[in-house]
S.K.: 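Take this structure first; my questions come after.
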2 protein chains.
Amino acid sequence: MASPSTTSRLSARRHRAPAAPETRYDRRLAEIIGHATEVFCKKGYEGASMRDLSRESGMSLAGLYYYFESKERLLYLIQKHTFTTIVQRLKARLEGVTDSEERIRIFILNHLEYFLANQAAMKVLSHEAEVLKNGFASEVAAIKREYYRICVGLLDNFKSEHDLQFSTRIAVLSLFGMMNWIYTWHNPRVDADAVSISGEMSDIFLLGVMANAKKGRNGR
Amino acid sequence: MASPSTTSRLSARRHRAPAAPETRYDRRLAEIIGHATEVFCKKGYEGASMRDLSRESGMSLAGLYYYFESKERLLYLIQKHTFTTIVQRLKARLEGVTDSEERIRIFILNHLEYFLANQAAMKVLSHEAEVLKNGFASEVAAIKREYYRICVGLLDNFKSEHDLQFSTRIAVLSLFGMMNWIYTWHNPRVDADAVSISGEMSDIFLLGVMANAKKGRNGR
DNA sequence: CGGCAATTCGAACGTTCGTTCGAACAGAGT
DNA sequence: ACTCTGTTCGAACGAACGTTCGAATTGCCG
């Protein structure tokens, strides 16, 4: 009775456990999530059917429901895991770096590196950002807001250190646009790697905001 | 017998006709396209059902099929019309302007102005760019390629005139990212108008690519 | 007003959708 | 060998999907 697939299924210790006590259940779920990510990426969330997911992952249609209670929750799991991971990695990389320009370059590099290494997951995160509802939506939105806030913080530091004057909101959102749009065009056989693209985008963005009108002593 | 809804339905004169000889059919179709655009924008192409379109436009489910032969063709009509219009307007605005920087500023302004004035249609164009198949897809892709090429041309001119050195491809695609991402964040009650945003983005982008390494006489 | 074409619609078609249920299977411990 | 728990599956559910068809309605020209 009672399928797991709610978070209560995860044994209470986890978190803090040094050697991952990864259960069979966890491993299988991760596999399914991986296949589902590919399918959602290729056909879109609404366009992908549970039967598509079943075929791709090699598990029967009914069998999938042992691991999650609905298609929507599966999308939620993908988005939450992807977003959490990228924020985590960013924080680790920022640790110890104090130069405000370097911190922004790290933000951009982290984003693009993860994006290109996990294209399918990041496309699902970017492209299906509006389909979750209610509880699912707000949890992912919270992580997104945190990520956005970090970037705003980095840029505000940079701005005041260099005595610059521009709209942080527009600048940050332009930067996200530059970076996230990459899923529509990046072709690994034609385009350079993340480090190189990240360098070019960082140059355009940073020099772009730096070259902008410096703040005079007397404001406007 | 035989529903119209193929292009053959449009009376042959059109194009060149000074006073629009707009038929009742044309007007009704345009209305439906307008309503469909809103629905596709709100629920996504796959997420929107023909019954949703029927409800929104006030026409019966079967009645819709008098105006177009499939849901896919309806999306095609929306995308083709939107894209054609924005290219048309751009060409008109560029006419007579020779300064290469000003031409890029016009490109950006034209894009954002049209985007914000037709948010729903532009979101459907951006967000549902991959769902059309075969013939429908390739026709829209052709316009997209033309639009992209125009931008590459503008930037290449700017680049050689100012003796700059950067990847045109990455720069153009970054610019498109900045601009197109706007549908995910723009809020008319919070954000400035197209002219102002266009100015900020143009500054970031143009100063960004200008400040980049100038080409030395001896290359690398 | 009569008649013909353009337009609209209710009802139904066959298919596919997300989800459920109870039975079958697997493996480990006694 | 038997049982118990965790895992998988075939078959089916009702709902919703895109599309079709023939009849009804409308608008227009004589």
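Residue numbers begin at 1 in each chain, while the letters A, B, ... track the order of the sequences. The figures that follow rest on heavy atoms only: side chains count, while hydrogens, waters and symmetry mates do not.
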S.K.: If you count every heavy atom of other residues, nucleotides or ligands that lies below 6.0 Å from A/His81 atom NE2, does the total exceed 12?
M.R.: no
S.K.: For a quick test of reading the model: is some side-chain N or O of B/Ser49 closer than 4.0 Å to OP1 or OP2 of D/dC17?
M.R.: yes
S.K.: What is the distance, to the nearest angstrom, from the OH atom on B/Tyr67 to the C1' atom on C/dT8?
M.R.: 8 Å
S.K.: Mind calculating the distance between CG (A/Asp26) and C1' (D/dT7) to the nearest angstrom?
M.R.: 14 Å
S.K.: Once you build an axis from the first five pairs and another from the last five of the helix from C/dG3-D/dC28 to C/dA28-D/dT3, how far apart in angle are they, to 10 degrees?
M.R.: 0°
S.K.: Measure OH/A/Tyr66 against C1'/D/dT7 and give the value in whole Å, please.
M.R.: 5 Å
S.K.: Any side-chain N or O of B/Tyr65 under 4.0 Å from OP1/OP2 of D/dC21?
M.R.: no
S.K.: Spell out yes or no: do the side chain of B/Arg51 and the base of D/dG18 have one donor N/O and one acceptor N/O closer than 3.5 Å?
M.R.: yes
S.K.: Tell me: CZ of B/Phe68 to C1' of D/dT20, nearest whole Å?
M.R.: 14 Å
S.K.: Of all the choices, C/dG10, D/dT19, C/dG18, which nucleotide is nearest to the side chain of B/Lys71 once you look at every atom?
M.R.: D/dT19
S.K.: Given that B/Tyr45 and A/Gly58 both sit by DNA chain D, which one's nearest nucleotide is further toward the 5' end?
M.R.: A/Gly58
S.K.: Please examine the side chains of A/Ile150 and A/Lys91, heavy atoms only from C-beta on, and report whether any two atoms are closer than 4.5 Å.
M.R.: yes
S.K.: Please state how far atom CE in A/Met50 lies from atom P in C/dT20, giving the value in whole angstrom units.
M.R.: 10 Å
S.K.: For B/Arg24 and D/dG27, what is the distance between atoms CZ and P respectively, to the nearest whole Å?
M.R.: 7 Å
S.K.: State, with a plain yes or no, whether a side-chain heavy atom of B/Phe107 is found less than 4.5 Å away from one of B/Met179.
M.R.: yes
S.K.: Taking for each residue the nucleotide of DNA chain C bearing the nearest heavy atom, is the 5' side occupied by A/Gly47 or by A/Ala62?
M.R.: A/Gly47
S.K.: Distance only, no hydrogens: is a donor on one side chain within 3.5 Å (strictly under) of an acceptor on the other, for B/Asn157 and B/Ser100?
M.R.: no
S.K.: Does the side chain of B/Arg28 get closer than 4.0 angstrom to OP1 or OP2 of C/dT8 through an N or O atom?
M.R.: yes
S.K.: In this structure, how many angstroms lie between the P atom of C/dC17 and the CD atom of A/Glu72, rounded?
M.R.: 18 Å
S.K.: Could you give the CG-to-P distance, from B/Leu53 to D/dT19, as a whole number of Å?
M.R.: 11 Å
S.K.: Using side-chain heavy atoms (C-beta onward) and a distance below 4.5 Å, is A/Ile108 in contact with A/Met178?
M.R.: no
S.K.: Relative to each other, are the rings of A/Phe176 and A/His111 parallel, tilted or perpendicular (30° and 60° limits)?
M.R.: perpendicular
S.K.: Mind telling me whether A/Phe115 and A/Tyr183 have parallel, tilted or perpendicular rings, with 30° and 60° as the class edges?
M.R.: parallel
